Participant: 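One structure is given below, represented as structure tokens, and several questions about it will come after.
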Amino acid sequence: MSESNQPKIFALVLAAGVGSRMAANFPKQYMIIEGKTMLEHSVNALLKEPRIVRLVVVLSPTDMIGMGLTFEDPRVEVARIGGNTRAMSVKNGLAYLAGEENVWVLVHDAARPCVSSTDIKSLIDTCFEKQQGGLLASPLSDTLKIASSEQTVDKTIPRDHMWAAQTPQFFPLDKLYDALSHPSEQITDESSAMESVGEHPLLIKGSPFNIKVTRPEDLDFARTIIHFRNAQ
Ligand code: CTP
Ligand code: MG
């Protein structure tokens, strides 16, 4: 794809969840890591990519914290348009961004504050070069077990060809919106929505440090990664 016909790039940062598995008394995206909220780290990581021209932070309609954060960068807007599920938050965010032609959107979890700008660049470059949507992901190295209800091993499954999906995920805005119009329990990320309409998104190898902060023990890991990166 030549420079002149490259699509515009918008971004959605999803921060409308409640963080039930973190079990804090406020949503996990507002937990502090190295002096900033997890949400701010995630937004700032995306803002390092100059090709992103607009970024919308999706908050819950009942959010009382995020509206009080100040994002100096004029590309950032904050909107209380989240839905009951992650997929609904994405769909509402896409509807909010809609209206222009030839737009691709990076969808990123606020709960992944350790994403690197190098990985974001490689996702965009590869998808544009191949003219195909894709996602950051990491090949699995652990042996995988399917557990029984008694927490014993039922079965070992070969890990060859197994990747753990991360975010950002990067797709043409209108195609992603259409794919999300067929609601299903199986749609847990943007890739699965695109797969459900027959697409085969590109797996772009990202750093295994792009963890999703889900449970309390993940927070120390995220703090260590960000501390180490800031010190470099
Ligand atoms: N998210 C969202 N809207 C929802 C649910 C989730 O925007 N209705 C966002 C979360 O804020 C998070 C990302 O999607 O940044 C990934 O979701 P997850 O890690 O599951 O966060 P929560 O849903 O908040 O956590 P939990 O599932 O433990 O309640
Ligand atoms: Mg969740």
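When a ligand or atom number is given, it counts from 1 through the structure's own listing order. Since the model is a prediction, treat every value here as computed from it, not as a measurement.
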Participant: Given that the side chain starts at C-beta and the backbone is N, CA, C, O, which of these parts of Met88 lies under 4.0 Å from ligand 1, counting heavy atoms, or is it both or neither?
Facilitator: neither

Participant: Given the rule in the ring pair (Phe, Tyr, Trp, His ring centres under 6.0 Å) test, do Phe170 and Phe128 qualify, once you have shown the distances and angles that lead to the verdict?
Facilitator: CA-CA 10 Å; Phe170 188 48; Phe128 277 178; 5.4 Å; yes

Participant: Does CG in Asn230 sit with more than 12 non-hydrogen atoms of other residues, nucleotides or ligands closer than 6.0 Å?
Facilitator: yes

Participant: Among all protein heavy atoms, pick out the one at the shortest distance from atom 13 (C) of ligand 1; state its residue, atom name and that distance to 0.1 Å.
Facilitator: Asp109 OD1, 3.4 Å

Participant: Has ligand 1 got any nitrogen or oxygen that is less than 3.5 angstrom from a nitrogen or oxygen of Met22?
Facilitator: no

Participant: Which one holds for Thr214 and ligand 1: side chain close, backbone close, both close, or neither close, with close meaning a heavy atom under 4.0 Å?
Facilitator: neither

Participant: In terms of residue, atom name and distance, what is the protein heavy atom nearest to atom 21 (O) of ligand 1?
Facilitator: Lys28 NZ, 3.3 Å

Participant: Report yes if some N/O of Val18 lies less than 3.5 Å from some N/O of ligand 1; otherwise report no.
Facilitator: yes

Participant: Looking only at protein heavy atoms, which one is nearest to atom 12 (C) of ligand 1, and how far off is it?
Facilitator: Leu14 O, 3.8 Å

Participant: At less than 4.0 angstrom from any non-hydrogen atom of Ala111, what atoms of ligand 1 do you find?
Facilitator: 15 (O)

Participant: Can you tell which of Leu219, Ile226, Ile32 makes a side-chain contact (heavy atoms from CB on, under 4.5 Å) with Met38?
Facilitator: Leu219

Participant: Please list, in number order, the atoms of ligand 1 under 4.0 Å from a heavy atom of Asn84.
Facilitator: 8 (N)

Participant: Could you identify the single nearest non-hydrogen protein atom to atom 7 (O) of ligand 1 and state the distance to 0.1 Å?
Facilitator: Ala16 N, 3.0 Å

Participant: Return the residue, atom name and 0.1 Å-rounded distance of the protein heavy atom closest to atom 8 (N) of ligand 1.
Facilitator: Gly83 O, 2.9 Å

Participant: Quick one: look up the protein heavy atom nearest atom 27 (O) of ligand 1 and list residue, atom name and how far away it is.
Facilitator: Arg21 NH2, 2.9 Å

Participant: Is it possible for you to say whether Leu97 and Val107 belong to one hydrophobic cluster, with membership spreading through side-chain heavy-atom contacts below 4.5 Å?
Facilitator: yes

Participant: So does Thr167 get a backbone contact from the side chain of Asn210, meaning a donor-acceptor N/O pair under 3.5 Å?
Facilitator: yes

Participant: Between Asp73 and Lys48, does at least one N-O distance fall below 4.0 Å, as a salt bridge requires?
Facilitator: no

Participant: Looking at ligand 1, would Val58 count as a contact under a 4.0 Å heavy-atom criterion?
Facilitator: no

Participant: Below a 4.0 angstrom heavy-atom separation, can you tell me which part of Ser89, side chain or backbone, both or neither, approaches ligand 1?
Facilitator: side chain

Participant: What do you reckon, does Gly82 put a non-hydrogen atom under 4.0 Å from ligand 1?
Facilitator: no

Participant: What protein heavy atom is closest to atom 24 (O) of ligand 1, reported as residue, atom name and distance in Å?
Facilitator: Gly19 N, 2.8 Å

Participant: Looking at Lys145, I want to see if its NZ is surrounded by more than 12 non-hydrogen atoms of other residues, nucleotides or ligands under 6.0 Å.
Facilitator: yes

Participant: Among protein heavy atoms, which sits nearest to atom 11 (O) of ligand 1, and what does the distance come to when rounded to 0.1 Å?
Facilitator: Gly17 N, 3.0 Å

Participant: State, to 0.1 Å, how close Ser148 and Asp154 come at their nearest heavy-atom pair, and which atoms those are.
Facilitator: CB-OD1, 3.9 Å

Participant: Taking the six-membered ring for Trp, are Phe10 and Tyr96 ring centroids under 6.0 Å apart?
Facilitator: no

Participant: Within a 6.0 Å radius of atom CZ on Phe71, are there more than 12 heavy atoms belonging to other residues, nucleotides or ligands?
Facilitator: yes

Participant: If you count every heavy atom of other residues, nucleotides or ligands that lies below 6.0 Å from Glu101 atom CD, does the total exceed 12?
Facilitator: no

Participant: Could you see which bit of Lys212 sits under 4.0 Å from ligand 1, with heavy atoms only: side chain, backbone, both or neither?
Facilitator: side chain

